[in-house]
Amino acid sequence: MTLKAEHQTVRFFDGLEVDGYSKVVGYAGNWLSRLTTRGGKTLNVLQGLGFTAYQLEVTVGREDISGASKAKTISLDDFNLLILYAASNGKKAALALQRSLTQVALNDFFRDAFGEPPLTIEEKRRLFYETYAATISPERWREMDREEILKLALPGDEPHLKDGLWNIWRGFFGE
């Protein structure tokens, strides 16, 4: 069964947006497709963590206007396990992502425990960015601009992955 999907980009801060789940954790854009197709030790480890490898086929765009395209997507639970796996394997981008997500979540839980209101989304993005940057370049992140920090974290765009050919959808991440 193919579902219709809406293209959305999850923006953590200006410059770090999730459009491809493999790339944001520090692997090549086609890593997950190869992993699930070939199987092997890495897939077994991920499945041992609870990774389902289930990929839902979705239709992106409106067929009556622009000719929709097909894509595959995974759940947020599986994406979370990819972050965990990549961080445990020393992928700096995944470690920064995991640490930043944890910092933002812990901050809200502790603020709530002390009767403080949660941070606004912009305050969360600032905290996320500061944690991400400090993880990527602990010694000099305050002097670096976002572009320099992202270059340290993420591999360059492969030509076949540009122009929206790897996307995310609300609630699911696609490749």
Side-chain angles (χ1 to χ4, degrees), residues 3-29 31-32 46 49-52 54-56 58 60 71-157 161-164 166-175:
L3 299 177
K4 292 192 181 217
E6 180 182 338
H7 174 263
Q8 293 292 330
T9 300
V10 176
R11 183 175 67 91
F12 293 110
F13 59 83
D14 288 336
L16 183 65
E17 299 171 342
V18 177
D19 277 336
Y21 44 77
S22 295
K23 185 168 171 130
V24 79
V25 296
Y27 291 106
W31 176 77
L32 187 58
L46 278 164
L49 296 171
F51 184 75
T52 68
Y54 177 74
Q55 295 184 35
L56 180 67
V58 295
V60 183
K72 289 185 178 179
T73 186
I74 62 172
S75 70
L76 286 174
D77 285 340
D78 275 358
F79 180 60
N80 189 23
L81 290 170
L82 288 180
I83 295 169
L84 176 66
Y85 175 81
S88 70
N89 281 289
K91 291 292 187 178
K92 205 161 199 175
L95 181 60
L97 186 60
Q98 182 64 57
R99 186 170 175 225
S100 300
L101 290 168
T102 301
Q103 184 70 20
V104 169
L106 284 174
N107 190 286
D108 272 352
F109 279 109
F110 276 78
R111 289 177 67 88
D112 180 65
F114 288 95
E116 295 291 323
L119 297 176
T120 67
I121 191 66
E122 288 309 315
E123 290 170 325
K124 288 177 184 181
R125 284 191 174 109
R126 181 187 48 73
L127 177 60
F128 184 99
Y129 169 73
E130 289 174 356
T131 306
Y132 190 93
T135 304
I136 293 300
S137 182
E139 62 284 342
R140 58 178 280 267
W141 72 269
R142 289 192 185 273
E143 298 104 47
M144 299 174 76
D145 65 24
R146 287 187 172 119
E147 212 169 284
E148 289 176 307
I149 287 166
L150 291 172
K151 283 179 186 173
L152 289 175
L154 303 173
D157 282 346
L161 298 177
K162 292 186 186 275
D163 301 320
W166 45 294
N167 302 308
I168 60 104
W169 294 270
R170 199 171 290 152
F172 284 89
F173 292 83
E175 186 170 76

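- For Asn107 (side chain) and Gln103 (main-chain N/O), no donor-acceptor pair under 3.5 Å exists by modelled atom type.
- The shortest heavy-atom contact between Ala87 and Ala94 is N-CB, 3.5 Å.
- A distance of 5.5 Å separates CD of Gln55 from CG of Leu32, quoted to the nearest 0.5 Å.
- Taking both residues in full, the closest heavy atoms of Thr135 and Arg99 are given as OG1-NH1, 2.8 Å, listed atom of the first, atom of the second, then distance.
- Ring centers of Phe12 and Tyr132: at least 6.0 Å apart, outside the cut-off.
- When all heavy atoms are compared, the tightest approach of Gln98 to Asn80 is OE1-OD1, 4.1 Å.
- Taken to the nearest 0.5 Å, the CD1 atom of Ile83 stands 11.5 Å off from the CG atom of Leu95.
- Here the CG-CZ distance, from Leu119 to Arg111, works out to 4.5 Å after rounding to the nearest 0.5 Å.
- Atoms OG and CG, on Ser75 and Leu81 in that order, are 8.0 Å from each other to the nearest 0.5 Å.
- Separating the CG atom in Leu97 from the OG1 atom in Thr131 is a distance of 11.5 Å, to the nearest 0.5 Å.
- In plain terms, the two heavy atoms of Leu82 and Trp31 that are nearest each other are CD2-CZ3, 3.7 Å.
- Within the 4.5 Å cutoff, no side-chain heavy atoms of Phe51 are placed close to those of Asp77.
- Scanning all heavy atoms of the two residues, the minimum distance from Phe79 to Val24 falls at CZ-CG1, 3.6 Å.
- The aromatic rings of Phe13 and Phe128 sit tilted relative to each other, their planes meeting at an angle between 30° and 60°.
- The residues Glu122 and Arg11 are annotated as salt-bridged, a charged nitrogen and a carboxylate oxygen being separated by less than 4.0 angstrom.
- Across Val25 and Ala86, no two heavy atoms sit closer than the pair O-CB, 3.7 Å.
- Here Leu49 contributes atom CG and Asp78 contributes atom CG; the two are 10.5 Å apart, rounded to the nearest 0.5 Å.
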